[in-house]
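In what follows, every heavy atom counts, from backbone to side chain, and hydrogens, waters and symmetry copies are set aside. Not measured: the values here are computed from a predicted model. Start at 1 and go down the list; that is how both ligands and their atoms are numbered. Numbers here simply count residues along the sequence, with the first being 1.
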Amino acid sequence: MAMKSAPTELSITHDLLGLATERAQRYIETIRDRRVAPSDKDVAVLSRLHEPFPNSSSDPREVLKTLDEIGSPATVATTGGRYFGFVTGGSLPVVTAANWLAGAWDQNAGLRCMSPIAAELEDIVLRWICEAFGLPAECEGGLTTCATAANFTALCAARYALLNKAGWNVVEDGLFGAPPIDVVVGAEVHASILKALSLAGLGNKRVTAVEADGQGRMRADKLPKLNERTIVCIQAGNVNTGAFDPAEEICRHAREQGAWVHVDGAFGLWAGVSPKYNHLTRGFENADSWATDTHKWPNVSYDSGVVLVRDGAALRAAMTMSAAYLTAGTRREPMHQTPDSSRRARGVELWAALKTLGRAGLAELIERTCAHAQTFAAGLQAAGFEVLNEVVINQVLVSFGSGDITREVIRRLQEEGTCWCGGTEWQGKTAMRISVSSWATTEADVQRSLAAMVRIARECGA
Ligand SMILES: Cc1ncc(COP(=O)(O)O)c(C=O)c1O
(Lines give C-alpha, C1' and ligand atoms only; values in the text may rest on other atoms or scores of the structure.)
Protein backbone atom coordinates (compact mmCIF):
# COMPACT_ATOMS: atom_id res chain seq x y z
CA MET A 1 0.00 0.00 0.00
CA ALA A 2 1.47 3.35 -1.02
CA MET A 3 1.75 5.76 1.91
CA LYS A 4 1.83 9.47 1.34
CA SER A 5 4.01 11.58 3.64
CA ALA A 6 2.59 14.89 4.73
CA PRO A 7 3.87 17.53 2.28
CA THR A 8 5.38 19.55 5.10
CA GLU A 9 7.52 16.60 6.19
CA LEU A 10 8.66 16.03 2.63
CA SER A 11 9.57 19.63 2.08
CA ILE A 12 11.45 19.83 5.38
CA THR A 13 13.48 16.74 4.45
CA HIS A 14 14.11 18.15 0.99
CA ASP A 15 15.24 21.45 2.46
CA LEU A 16 17.52 19.82 4.98
CA LEU A 17 19.14 17.49 2.49
CA GLY A 18 19.70 20.42 0.15
CA LEU A 19 21.32 22.36 2.96
CA ALA A 20 23.46 19.38 3.96
CA THR A 21 24.58 18.83 0.35
CA GLU A 22 25.52 22.45 -0.07
CA ARG A 23 27.49 22.55 3.20
CA ALA A 24 29.11 19.16 2.72
CA GLN A 25 30.17 20.13 -0.79
CA ARG A 26 31.71 23.35 0.47
CA TYR A 27 33.57 21.36 3.12
CA ILE A 28 34.90 18.89 0.57
CA GLU A 29 35.82 21.57 -1.96
CA THR A 30 37.87 23.57 0.54
CA ILE A 31 39.45 20.72 2.49
CA ARG A 32 42.75 20.88 0.61
CA ASP A 33 43.17 24.61 1.25
CA ARG A 34 42.86 24.51 5.01
CA ARG A 35 45.32 23.50 7.71
CA VAL A 36 45.18 19.77 8.50
CA ALA A 37 44.69 19.95 12.27
CA PRO A 38 42.19 22.58 13.41
CA SER A 39 43.59 25.73 15.00
CA ASP A 40 43.37 26.18 18.77
CA LYS A 41 40.84 28.94 18.12
CA ASP A 42 38.58 26.62 16.14
CA VAL A 43 38.78 23.98 18.85
CA ALA A 44 38.05 26.58 21.54
CA VAL A 45 34.83 27.54 19.70
CA LEU A 46 33.48 24.04 20.49
CA SER A 47 32.77 25.30 23.99
CA ARG A 48 29.79 27.16 22.45
CA LEU A 49 28.08 23.79 21.99
CA HIS A 50 27.95 23.22 25.73
CA GLU A 51 24.62 24.15 27.26
CA PRO A 52 22.12 22.45 29.53
CA PHE A 53 19.89 19.95 27.71
CA PRO A 54 17.58 22.31 25.81
CA ASN A 55 14.01 22.50 27.08
CA SER A 56 12.62 23.72 23.80
CA SER A 57 12.93 22.43 20.25
CA SER A 58 15.12 24.04 17.59
CA ASP A 59 14.71 24.62 13.89
CA PRO A 60 16.54 21.67 12.26
CA ARG A 61 18.01 24.05 9.63
CA GLU A 62 19.59 26.06 12.43
CA VAL A 63 20.88 22.83 14.01
CA LEU A 64 22.57 21.85 10.76
CA LYS A 65 23.98 25.36 10.34
CA THR A 66 25.46 25.25 13.86
CA LEU A 67 26.93 21.83 13.21
CA ASP A 68 28.67 23.07 10.09
CA GLU A 69 29.73 26.48 11.36
CA ILE A 70 31.11 25.24 14.67
CA GLY A 71 31.82 21.63 13.80
CA SER A 72 33.45 21.69 10.36
CA PRO A 73 36.40 23.96 11.31
CA ALA A 74 37.12 21.69 14.32
CA THR A 75 37.45 18.54 12.21
CA VAL A 76 40.82 17.09 11.31
CA ALA A 77 41.25 17.18 7.53
CA THR A 78 41.78 13.44 7.17
CA THR A 79 40.18 13.46 3.73
CA GLY A 80 42.40 16.20 2.36
CA GLY A 81 45.46 14.25 1.19
CA ARG A 82 48.04 15.42 3.74
CA TYR A 83 46.99 13.49 6.82
CA PHE A 84 49.51 10.77 7.64
CA GLY A 85 48.54 9.99 11.24
CA PHE A 86 47.78 6.51 12.65
CA VAL A 87 46.60 4.41 9.66
CA THR A 88 43.78 6.51 8.27
CA GLY A 89 42.05 6.31 4.93
CA GLY A 90 39.97 9.15 3.52
CA SER A 91 36.60 8.01 2.28
CA LEU A 92 36.39 7.59 -1.50
CA PRO A 93 33.87 9.93 -3.23
CA VAL A 94 31.56 7.00 -4.00
CA VAL A 95 31.73 5.96 -0.35
CA THR A 96 30.59 9.38 0.83
CA ALA A 97 27.76 9.33 -1.71
CA ALA A 98 26.70 5.78 -0.79
CA ASN A 99 26.82 6.80 2.86
CA TRP A 100 24.25 9.54 2.16
CA LEU A 101 21.97 7.06 0.45
CA ALA A 102 22.43 4.58 3.29
CA GLY A 103 21.58 7.39 5.71
CA ALA A 104 18.32 7.94 3.86
CA TRP A 105 17.63 4.19 4.00
CA ASP A 106 18.45 4.01 7.74
CA GLN A 107 18.47 0.23 7.75
CA ASN A 108 18.92 -1.98 10.77
CA ALA A 109 21.22 -4.67 9.38
CA GLY A 110 20.87 -7.07 12.32
CA LEU A 111 18.62 -9.60 10.62
CA ARG A 112 17.91 -10.36 6.97
CA CYS A 113 14.19 -9.67 7.43
CA MET A 114 15.04 -6.22 8.81
CA SER A 115 16.97 -5.35 5.66
CA PRO A 116 17.31 -7.77 2.76
CA ILE A 117 19.57 -5.35 0.89
CA ALA A 118 21.94 -4.91 3.84
CA ALA A 119 22.24 -8.67 4.39
CA GLU A 120 22.78 -9.34 0.70
CA LEU A 121 25.49 -6.69 0.40
CA GLU A 122 27.24 -8.18 3.46
CA ASP A 123 27.17 -11.63 1.86
CA ILE A 124 28.68 -10.20 -1.31
CA VAL A 125 31.45 -8.11 0.26
CA LEU A 126 32.48 -10.90 2.62
CA ARG A 127 32.84 -13.26 -0.35
CA TRP A 128 34.76 -10.62 -2.33
CA ILE A 129 37.14 -10.03 0.58
CA CYS A 130 37.75 -13.78 0.92
CA GLU A 131 38.55 -13.85 -2.79
CA ALA A 132 40.79 -10.79 -2.52
CA PHE A 133 42.75 -12.31 0.37
CA GLY A 134 42.77 -15.84 -1.12
CA LEU A 135 40.91 -17.26 1.90
CA PRO A 136 38.95 -20.50 1.84
CA ALA A 137 35.43 -20.19 0.42
CA GLU A 138 33.91 -21.82 3.52
CA CYS A 139 34.90 -18.87 5.74
CA GLU A 140 32.10 -17.05 7.49
CA GLY A 141 32.32 -13.58 8.92
CA GLY A 142 30.77 -10.27 9.66
CA LEU A 143 31.16 -6.53 9.59
CA THR A 144 32.26 -4.90 12.82
CA THR A 145 32.92 -1.38 14.01
CA CYS A 146 36.71 -1.74 13.78
CA ALA A 147 39.63 -4.16 13.73
CA THR A 148 39.66 -4.31 17.53
CA ALA A 149 36.06 -5.57 17.52
CA ALA A 150 36.96 -7.96 14.70
CA ASN A 151 39.93 -9.27 16.70
CA PHE A 152 37.65 -9.74 19.71
CA THR A 153 35.04 -11.57 17.65
CA ALA A 154 37.61 -13.92 16.11
CA LEU A 155 39.19 -14.64 19.51
CA CYS A 156 35.76 -15.52 20.90
CA ALA A 157 35.33 -18.01 18.02
CA ALA A 158 38.82 -19.42 18.73
CA ARG A 159 38.07 -19.68 22.44
CA TYR A 160 34.81 -21.49 21.71
CA ALA A 161 36.39 -23.91 19.21
CA LEU A 162 39.41 -24.88 21.33
CA LEU A 163 37.38 -25.36 24.50
CA ASN A 164 34.68 -27.23 22.63
CA LYS A 165 37.34 -29.68 21.43
CA ALA A 166 38.37 -30.10 25.07
CA GLY A 167 34.76 -30.93 26.00
CA TRP A 168 33.94 -27.55 27.53
CA ASN A 169 31.11 -25.30 26.33
CA VAL A 170 32.24 -21.76 27.07
CA VAL A 171 28.90 -20.25 25.99
CA GLU A 172 27.05 -22.29 28.62
CA ASP A 173 29.67 -22.70 31.33
CA GLY A 174 31.81 -19.59 31.01
CA LEU A 175 35.54 -19.44 31.61
CA PHE A 176 35.64 -20.12 35.37
CA GLY A 177 37.01 -23.63 35.79
CA ALA A 178 37.54 -24.09 32.04
CA PRO A 179 40.66 -25.89 30.75
CA PRO A 180 43.33 -23.18 30.36
CA ILE A 181 44.03 -21.64 26.96
CA ASP A 182 47.55 -20.42 26.14
CA VAL A 183 47.97 -17.37 23.95
CA VAL A 184 51.08 -16.57 21.95
CA VAL A 185 51.74 -13.15 20.40
CA GLY A 186 54.76 -11.40 18.91
CA ALA A 187 56.67 -8.88 21.02
CA GLU A 188 55.45 -6.11 18.70
CA VAL A 189 51.79 -7.15 18.90
CA HIS A 190 49.29 -4.32 18.38
CA ALA A 191 47.57 -3.12 21.56
CA SER A 192 44.27 -3.98 19.87
CA ILE A 193 44.96 -7.70 20.30
CA LEU A 194 45.76 -7.20 23.97
CA LYS A 195 42.49 -5.35 24.49
CA ALA A 196 40.59 -8.05 22.59
CA LEU A 197 42.26 -10.76 24.66
CA SER A 198 41.31 -9.05 27.89
CA LEU A 199 37.70 -8.60 26.71
CA ALA A 200 37.60 -12.30 25.82
CA GLY A 201 38.70 -13.19 29.35
CA LEU A 202 42.08 -14.47 28.20
CA GLY A 203 44.04 -11.78 30.00
CA ASN A 204 47.28 -10.06 29.14
CA LYS A 205 49.74 -11.35 31.70
CA ARG A 206 49.22 -14.98 30.78
CA VAL A 207 50.22 -14.28 27.19
CA THR A 208 53.60 -15.50 25.89
CA ALA A 209 55.32 -12.79 23.85
CA VAL A 210 57.70 -14.20 21.26
CA GLU A 211 60.84 -12.22 20.43
CA ALA A 212 60.55 -10.01 17.35
CA ASP A 213 63.25 -8.97 14.90
CA GLY A 214 64.35 -5.41 14.15
CA GLN A 215 61.30 -4.84 11.91
CA GLY A 216 58.84 -6.20 14.48
CA ARG A 217 58.34 -9.61 12.83
CA MET A 218 57.69 -12.51 15.19
CA ARG A 219 60.66 -14.90 15.19
CA ALA A 220 59.19 -18.25 14.13
CA ASP A 221 62.28 -20.05 15.47
CA LYS A 222 61.45 -18.71 18.95
CA LEU A 223 57.88 -20.05 19.11
CA PRO A 224 57.13 -21.89 22.36
CA LYS A 225 55.56 -25.36 22.40
CA LEU A 226 52.07 -25.19 20.96
CA ASN A 227 49.15 -27.53 21.51
CA GLU A 228 45.45 -27.93 20.87
CA ARG A 229 44.62 -25.25 23.40
CA THR A 230 46.92 -22.54 22.04
CA ILE A 231 45.89 -19.44 20.13
CA VAL A 232 48.73 -17.85 18.16
CA CYS A 233 48.11 -14.23 17.13
CA ILE A 234 50.13 -13.13 14.16
CA GLN A 235 50.24 -9.83 12.36
CA ALA A 236 49.99 -8.75 8.74
CA GLY A 237 51.35 -5.21 8.79
CA ASN A 238 52.97 -3.81 11.91
CA VAL A 239 51.42 -0.46 12.76
CA ASN A 240 54.86 1.19 12.92
CA THR A 241 57.01 -0.56 10.31
CA GLY A 242 54.39 -2.28 8.13
CA ALA A 243 56.28 -5.59 8.56
CA PHE A 244 54.60 -8.99 8.20
CA ASP A 245 55.09 -12.01 10.48
CA PRO A 246 56.38 -15.17 8.76
CA ALA A 247 52.93 -16.68 8.36
CA GLU A 248 53.84 -19.73 6.28
CA GLU A 249 56.20 -21.13 8.89
CA ILE A 250 54.05 -20.23 11.89
CA CYS A 251 50.82 -21.60 10.39
CA ARG A 252 52.51 -24.86 9.36
CA HIS A 253 53.87 -25.39 12.85
CA ALA A 254 50.59 -24.41 14.53
CA ARG A 255 48.56 -26.69 12.31
CA GLU A 256 50.81 -29.68 13.14
CA GLN A 257 50.13 -29.03 16.82
CA GLY A 258 46.40 -28.36 16.45
CA ALA A 259 46.74 -24.72 17.56
CA TRP A 260 44.51 -21.89 16.27
CA VAL A 261 46.17 -19.05 14.35
CA HIS A 262 44.51 -15.64 14.32
CA VAL A 263 45.69 -12.88 11.99
CA ASP A 264 45.51 -9.21 12.92
CA GLY A 265 45.64 -7.77 9.43
CA ALA A 266 44.02 -4.43 10.16
CA PHE A 267 45.57 -2.90 7.07
CA GLY A 268 48.41 -5.15 5.87
CA LEU A 269 46.25 -7.94 4.46
CA TRP A 270 45.14 -5.57 1.69
CA ALA A 271 48.70 -5.58 0.30
CA GLY A 272 47.89 -9.09 -0.96
CA VAL A 273 45.59 -7.60 -3.60
CA SER A 274 48.59 -6.12 -5.42
CA PRO A 275 50.74 -8.44 -7.56
CA LYS A 276 53.69 -6.26 -6.55
CA TYR A 277 53.17 -6.82 -2.82
CA ASN A 278 51.36 -10.15 -2.52
CA HIS A 279 54.58 -11.97 -1.62
CA LEU A 280 54.23 -10.26 1.78
CA THR A 281 50.86 -11.86 2.57
CA ARG A 282 51.82 -15.36 1.45
CA GLY A 283 50.87 -17.98 4.04
CA PHE A 284 48.33 -15.87 5.92
CA GLU A 285 45.56 -17.75 4.14
CA ASN A 286 46.53 -20.83 6.17
CA ALA A 287 45.35 -19.26 9.44
CA ASP A 288 42.01 -19.93 11.15
CA SER A 289 40.68 -16.41 11.58
CA TRP A 290 41.38 -12.92 10.28
CA ALA A 291 40.55 -9.36 11.29
CA THR A 292 40.87 -6.35 9.05
CA ASP A 293 39.60 -2.83 8.51
CA THR A 294 38.21 -1.28 5.40
CA HIS A 295 38.29 2.21 6.89
CA LYS A 296 42.07 2.08 6.57
CA TRP A 297 43.62 1.20 3.21
CA PRO A 298 40.47 0.56 1.14
CA ASN A 299 39.26 4.06 2.05
CA VAL A 300 35.78 3.14 3.22
CA SER A 301 34.21 5.50 5.75
CA TYR A 302 34.39 4.85 9.51
CA ASP A 303 33.39 2.50 11.15
CA SER A 304 34.19 -0.51 9.03
CA GLY A 305 35.94 -3.60 10.38
CA VAL A 306 35.72 -7.16 9.08
CA VAL A 307 36.06 -10.53 10.80
CA LEU A 308 36.46 -13.82 8.94
CA VAL A 309 36.62 -17.29 10.46
CA ARG A 310 37.37 -20.59 8.71
CA ASP A 311 35.20 -22.56 11.16
CA GLY A 312 31.92 -20.74 10.62
CA ALA A 313 30.11 -22.98 13.08
CA ALA A 314 32.46 -21.86 15.87
CA LEU A 315 31.84 -18.21 15.00
CA ARG A 316 28.09 -18.71 15.04
CA ALA A 317 28.21 -20.69 18.26
CA ALA A 318 30.14 -17.87 19.93
CA MET A 319 28.00 -15.02 18.56
CA THR A 320 24.43 -16.25 18.13
CA MET A 321 21.71 -14.74 20.25
CA SER A 322 18.21 -16.07 20.11
CA ALA A 323 14.81 -15.04 21.35
CA ALA A 324 11.34 -15.97 20.22
CA TYR A 325 10.79 -12.63 18.49
CA LEU A 326 14.15 -12.63 16.69
CA THR A 327 13.04 -14.77 13.80
CA ALA A 328 16.09 -15.94 11.92
CA GLY A 329 15.76 -17.21 8.38
CA THR A 330 17.58 -20.11 6.81
CA ARG A 331 20.37 -17.94 5.39
CA ARG A 332 23.25 -16.13 7.07
CA GLU A 333 22.05 -13.59 9.66
CA PRO A 334 24.44 -10.67 10.37
CA MET A 335 23.47 -10.62 14.05
CA HIS A 336 24.79 -14.16 14.54
CA GLN A 337 28.32 -13.42 13.35
CA THR A 338 29.39 -10.43 15.46
CA PRO A 339 28.82 -9.05 18.99
CA ASP A 340 26.37 -6.31 18.06
CA SER A 341 22.76 -7.04 17.22
CA SER A 342 21.21 -3.85 15.81
CA ARG A 343 23.74 -2.08 13.62
CA ARG A 344 23.96 0.29 10.67
CA ALA A 345 24.26 -1.22 7.21
CA ARG A 346 28.05 -1.09 6.92
CA GLY A 347 28.00 -3.22 3.79
CA VAL A 348 26.56 -0.38 1.72
CA GLU A 349 29.66 1.81 1.59
CA LEU A 350 31.94 -1.21 1.53
CA TRP A 351 30.14 -2.66 -1.48
CA ALA A 352 30.22 0.71 -3.25
CA ALA A 353 33.98 1.01 -2.66
CA LEU A 354 34.88 -2.51 -3.76
CA LYS A 355 32.53 -2.43 -6.75
CA THR A 356 33.93 0.91 -7.90
CA LEU A 357 37.61 0.06 -7.39
CA GLY A 358 37.56 -3.58 -8.42
CA ARG A 359 40.70 -5.62 -7.89
CA ALA A 360 42.69 -3.42 -10.31
CA GLY A 361 41.67 -0.16 -8.66
CA LEU A 362 42.41 -1.48 -5.20
CA ALA A 363 45.84 -2.73 -6.31
CA GLU A 364 46.55 0.65 -7.89
CA LEU A 365 45.55 2.44 -4.65
CA ILE A 366 47.82 0.14 -2.62
CA GLU A 367 50.74 0.59 -5.00
CA ARG A 368 50.31 4.37 -5.28
CA THR A 369 50.29 4.90 -1.52
CA CYS A 370 53.32 2.60 -1.13
CA ALA A 371 55.13 4.63 -3.82
CA HIS A 372 54.36 7.83 -1.87
CA ALA A 373 55.82 6.21 1.26
CA GLN A 374 59.00 5.44 -0.72
CA THR A 375 59.18 9.07 -1.85
CA PHE A 376 58.88 10.24 1.76
CA ALA A 377 61.61 7.86 2.89
CA ALA A 378 63.97 8.82 0.05
CA GLY A 379 63.35 12.55 0.57
CA LEU A 380 63.98 12.39 4.30
CA GLN A 381 67.10 10.29 3.86
CA ALA A 382 68.39 12.66 1.20
CA ALA A 383 67.91 15.50 3.70
CA GLY A 384 70.11 13.58 6.16
CA PHE A 385 67.50 12.04 8.45
CA GLU A 386 67.41 8.43 9.58
CA VAL A 387 64.61 6.18 8.35
CA LEU A 388 64.30 3.47 10.98
CA ASN A 389 62.35 0.83 9.08
CA GLU A 390 62.54 -1.08 5.83
CA VAL A 391 59.73 0.63 3.96
CA VAL A 392 57.95 -2.51 2.77
CA ILE A 393 54.50 -0.98 2.30
CA ASN A 394 52.98 2.38 3.27
CA GLN A 395 54.59 3.04 6.66
CA VAL A 396 57.68 5.18 7.30
CA LEU A 397 59.44 5.77 10.62
CA VAL A 398 61.85 8.68 10.76
CA SER A 399 64.09 9.98 13.50
CA PHE A 400 65.30 13.58 13.45
CA GLY A 401 68.03 12.90 15.99
CA SER A 402 67.45 12.83 19.73
CA GLY A 403 64.07 11.97 21.23
CA ASP A 404 63.58 15.59 22.28
CA ILE A 405 64.29 16.96 18.81
CA THR A 406 62.05 14.38 17.11
CA ARG A 407 59.20 15.13 19.53
CA GLU A 408 59.64 18.87 18.90
CA VAL A 409 59.57 18.39 15.12
CA ILE A 410 56.31 16.43 15.44
CA ARG A 411 54.79 19.07 17.70
CA ARG A 412 55.70 21.96 15.40
CA LEU A 413 54.63 20.09 12.27
CA GLN A 414 51.21 19.43 13.76
CA GLU A 415 50.98 23.07 14.85
CA GLU A 416 52.11 24.46 11.49
CA GLY A 417 49.29 22.63 9.70
CA THR A 418 50.67 21.66 6.27
CA CYS A 419 50.34 18.00 7.16
CA TRP A 420 49.84 15.81 10.21
CA CYS A 421 52.07 12.99 11.50
CA GLY A 422 52.10 11.32 14.88
CA GLY A 423 54.92 9.98 17.00
CA THR A 424 55.90 6.63 18.40
CA GLU A 425 58.67 4.79 20.19
CA TRP A 426 60.28 2.14 18.03
CA GLN A 427 62.58 -0.33 19.74
CA GLY A 428 64.08 2.29 22.02
CA LYS A 429 64.05 5.24 19.59
CA THR A 430 61.59 8.10 19.28
CA ALA A 431 60.23 8.32 15.76
CA MET A 432 57.74 10.20 13.64
CA ARG A 433 55.27 7.91 11.87
CA ILE A 434 54.17 8.56 8.30
CA SER A 435 51.31 6.37 7.12
CA VAL A 436 50.17 6.99 3.57
CA SER A 437 46.73 5.43 3.45
CA SER A 438 44.50 7.86 1.60
CA TRP A 439 43.43 7.79 -2.04
CA ALA A 440 43.47 11.60 -1.91
CA THR A 441 47.24 11.98 -1.40
CA THR A 442 48.94 13.27 -4.55
CA GLU A 443 52.60 13.60 -5.47
CA ALA A 444 52.21 17.36 -4.89
CA ASP A 445 50.89 16.65 -1.35
CA VAL A 446 53.93 14.47 -0.67
CA GLN A 447 56.38 17.11 -1.94
CA ARG A 448 54.65 19.91 -0.02
CA SER A 449 54.62 17.82 3.16
CA LEU A 450 58.24 16.74 2.73
CA ALA A 451 59.31 20.37 2.34
CA ALA A 452 57.48 21.27 5.56
CA MET A 453 59.05 18.36 7.46
CA VAL A 454 62.58 19.22 6.34
CA ARG A 455 62.15 22.96 6.98
CA ILE A 456 60.69 22.43 10.45
CA ALA A 457 63.33 19.82 11.32
CA ARG A 458 66.08 22.31 10.38
CA GLU A 459 64.40 25.02 12.49
CA CYS A 460 64.46 22.56 15.41
CA GLY A 461 68.20 22.08 14.97
CA ALA A 462 68.02 18.61 13.41
C1 LIG B 1 47.80 -3.93 13.22
C2 LIG B 1 46.62 -3.20 13.79
N3 LIG B 1 45.70 -3.85 14.50
C4 LIG B 1 44.64 -3.25 15.03
C5 LIG B 1 44.44 -1.90 14.86
C6 LIG B 1 43.25 -1.25 15.50
O7 LIG B 1 42.34 -0.85 14.51
P8 LIG B 1 40.93 -0.19 14.95
O9 LIG B 1 41.27 1.15 15.48
O10 LIG B 1 40.15 -0.15 13.69
O11 LIG B 1 40.33 -1.08 15.98
C12 LIG B 1 45.37 -1.16 14.14
C13 LIG B 1 45.21 0.29 13.98
O14 LIG B 1 45.99 0.97 13.38
C15 LIG B 1 46.48 -1.82 13.57
O16 LIG B 1 47.39 -1.16 12.85
For a distance cut-off of 3.5 Å, show me each N or O of ligand 1 paired with any protein N or O, plus the separation.
{"residue": "ligand 1", "atom": "3 (N)", "partner": "D264", "partner atom": "OD1", "Å": "3.0"}
{"residue": "ligand 1", "atom": "3 (N)", "partner": "D264", "partner atom": "OD2", "Å": "2.7"}
{"residue": "ligand 1", "atom": "7 (O)", "partner": "D293", "partner atom": "OD2", "Å": "3.4"}
{"residue": "ligand 1", "atom": "7 (O)", "partner": "K296", "partner atom": "NZ", "Å": "2.9"}
{"residue": "ligand 1", "atom": "10 (O)", "partner": "A147", "partner atom": "N", "Å": "3.1"}
{"residue": "ligand 1", "atom": "10 (O)", "partner": "D293", "partner atom": "OD1", "Å": "3.4"}
{"residue": "ligand 1", "atom": "10 (O)", "partner": "D293", "partner atom": "OD2", "Å": "2.6"}
{"residue": "ligand 1", "atom": "10 (O)", "partner": "H295", "partner atom": "NE2", "Å": "3.1"}
{"residue": "ligand 1", "atom": "10 (O)", "partner": "K296", "partner atom": "NZ", "Å": "3.1"}
{"residue": "ligand 1", "atom": "11 (O)", "partner": "A147", "partner atom": "N", "Å": "3.4"}
{"residue": "ligand 1", "atom": "11 (O)", "partner": "T148", "partner atom": "N", "Å": "2.9"}
{"residue": "ligand 1", "atom": "11 (O)", "partner": "T148", "partner atom": "OG1", "Å": "2.6"}

Give the intermediate values and the outcome of side chain to side chain donor-acceptor pair (under 3.5 Å) for residues N204 and S198. CA-CA 6 Å; N204 281 188; S198 86; 5.0 Å; no
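Judged as a ring pair (Phe, Tyr, Trp, His ring centres under 6.0 Å), the pairs with a partner in residues 296-319 (not counting sequence neighbours) are, in order, H295-Y302.
I231 pairs with exactly one of V184, L226, D182, L202 by the side chain to side chain contact (heavy atoms under 4.5 Å, CB included) rule, that one being L202.
Taking the six-membered ring where tryptophan is involved, the planes of W351 and W128 are essentially parallel, since the angle between them stays under 30° and well short of 60°.
With hydrogens and angles left out, the side-chain atoms of R82 and S438 include no donor and acceptor closer than 3.5 Å. Side chain to side chain, E367 and S274 meet the donor-acceptor criterion of an N or O pair below 3.5 Å.
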